[in-house]
Amino acid sequence: MARFSDWSRFFPTPPTLMHSFTLGLFMLVSAVVAASAKTIVITVGGNTTNDATTVFQPNVVVADKGDIVLFNFTNGNHTATQSTFAAPCTPIHDTDIAINGFDSSFRDAGKEQAITTLPVTIDNPNQTVWFYDFTTCAQGGVGAINLNKSSTETIDGFQRNAERLNGTTHTSSSAFSTATAITTATSTGSKPTTTNDATHISARGIIALALTFIALVISL
């Protein structure tokens, strides 16, 4: 008859079982968090009218931590460059050397002949990210991520600042560089309250799997 020590090779002891459960639960929770992230697309240059304020569509979006705001350059020669509310048409790095904001450089998409994208990962959803297009900024070609409607810093005020200052003599700090890697936004502002249309990656299936796994372990 086999001794207990022989059987223990095939059946895990309670501490081993608990370790396996904890590891499995951690992996499932991590998968749920990753799957709950969104990709929010902002089309750049899609509107071919003379209204420069529509260069970004939409020009205001809301994103959670870990979400990716994807600037999709489809028409014309434009940039997506982070700035500040007070200096709409100046790269944020030129305003504050300690901040390295995102900057797409000029993306000449022609007439949908050379479409490119710039992904920006949101690190702090409680702060507003202001951005502009160097080509149309002086005519109001600006936008914002996580805008707070209760703040005095509004998208209309941001556009007025851009038009009032009539742009800037500064060029994009990386206008002739390549920006293809995922970029993390450095933010300024306050908590968002607006809504936007976003592409959601549903996590319901993974959550259901996690609950089923937990119930199975508890029943053992």
Side-chain angles (χ1 to χ4, degrees), residues 39-63 67-97 99-122 128-147 154-189 196-199:
T39 298
I40 304 168
V41 178
I42 297 178
T43 300
V44 185
N47 190 334
T48 57
T49 67
N50 292 326
D51 185 359
T53 63
T54 62
V55 66
F56 296 110
Q57 294 183 310
N59 66 340
V60 175
V61 299
V62 170
D67 288 350
I68 296 175
V69 176
L70 187 69
F71 291 92
N72 187 33
F73 298 82
T74 61
N75 205 321
N77 192 9
H78 302 283
T79 77
T81 306
Q82 188 174 350
S83 64
T84 63
F85 182 83
C89 303
T90 302
I92 193 170
H93 183 71
D94 291 357
T95 303
D96 186 343
I97 195 171
I99 300 178
N100 291 314
F102 63 83
D103 186 355
S104 67
S105 77
F106 285 101
R107 300 291 184 93
D108 190 357
K111 294 182 178 180
E112 300 184 356
Q113 297 169 333
I115 296 176
T116 61
T117 60
L118 173 72
V120 176
T121 301
I122 300 304
T128 300
V129 178
W130 305 98
F131 59 88
Y132 72 96
D133 164 39
F134 181 80
T135 304
T136 60
C137 187
Q139 291 78 45
V142 297
I145 303 169
N146 291 338
L147 183 68
T154 65
I155 188 62
D156 290 339
F158 191 45
Q159 289 176 341
R160 285 194 298 270
N161 277 351
E163 295 169 356
R164 176 176 59 84
L165 297 173
N166 196 28
T168 174
T169 57
H170 290 275
T171 59
S172 173
S173 60
S174 60
F176 302 103
S177 65
T178 302
T180 56
I182 292 180
T183 308
T184 300
T186 303
S187 309
T188 57
N196 64 278
D197 294 327
T199 303

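Values reported hereafter were calculated over all heavy atoms of this structure, with side chains retained and with hydrogens, waters and symmetry mates removed.
- When side chains are defined from C-beta on, I122 counts as touching N146, because their heavy atoms get closer than 4.5 Å.
- Every residue two or more places apart in sequence or in another chain that forms a side chain to side chain contact (heavy atoms under 4.5 Å, CB included) with T154 is listed here: D156.
- Note: L147 CG to I155 CD1 = 6.0 Å, rounded to the nearest 0.5 Å.
- Rounding to the nearest 0.5 angstrom, the gap separating the CZ atom in F102 from the OG1 atom in T121 is 11.0 Å.
- One distance of note links OG1 of T79 with OH of Y132; it measures 6.0 Å at 0.5 Å rounding.
- The two residues E163 and Q139 have their closest heavy-atom pair at OE2-O, 3.4 Å.
- For A109, there are no side chain to side chain contact (heavy atoms under 4.5 Å, CB included) partners two or more places apart in sequence or in a different chain.
- For the side-chain contact (heavy atoms from CB on, under 4.5 Å) with F71, the qualifying choice from T43, I42, I40, V41 is I42, the only one to do so.
- The side chain to side chain contact (heavy atoms under 4.5 Å, CB included) search around D108 returns N77, not counting sequence neighbours.
- Rounded to the nearest 0.5 Å, atoms NE2 (H93) and OG1 (T84) are 13.5 Å apart.
- For A86 against L165, the heavy-atom pair with the smallest separation is O-CD1, 3.8 Å.
- Here the closest non-hydrogen pair linking P88 and A162 is CG-N, 3.6 Å.
- For T54, the side-chain hydrogen bond (donor to acceptor under 3.5 Å, both in side chains) test picks out N47, with sequence neighbours left out.
- F56 pairs by the ring pair (Phe, Tyr, Trp, His ring centres under 6.0 Å) definition with F131, not counting sequence neighbours.
- Of the possible polar contacts, none joining the T117 side chain to the L70 backbone as a donor-acceptor pair under 3.5 Å is found.
- Nearest heavy atoms, P119 versus I68: CB-CG2, 3.8 Å.
- Scanning all heavy atoms of the two residues, the minimum distance from H78 to S104 falls at O-OG, 4.5 Å.
- Of the inter-residue distances, the one linking T39 atom OG1 with N72 atom CG reads 12.0 Å to the nearest 0.5 angstrom.
- Side-chain polar atoms of D103 and T81 form a donor-acceptor pair below 3.5 angstrom.
- Between F106 and F134, the two ring planes are perpendicular [angle over 60°; tilted spans 30° to 60°].
- Legend: residues meeting side-chain hydrogen bond (donor to acceptor under 3.5 Å, both in side chains) with T74, ordered by chain and number and at least two apart, are absent.
- For the residue pair V55 and D133, the shortest heavy atom distance occurs at CG2-OD2, 3.7 Å.
- For the atom pair CG (N161) and CH2 (W130), the distance works out to 9.0 Å, reported to the nearest 0.5 Å.
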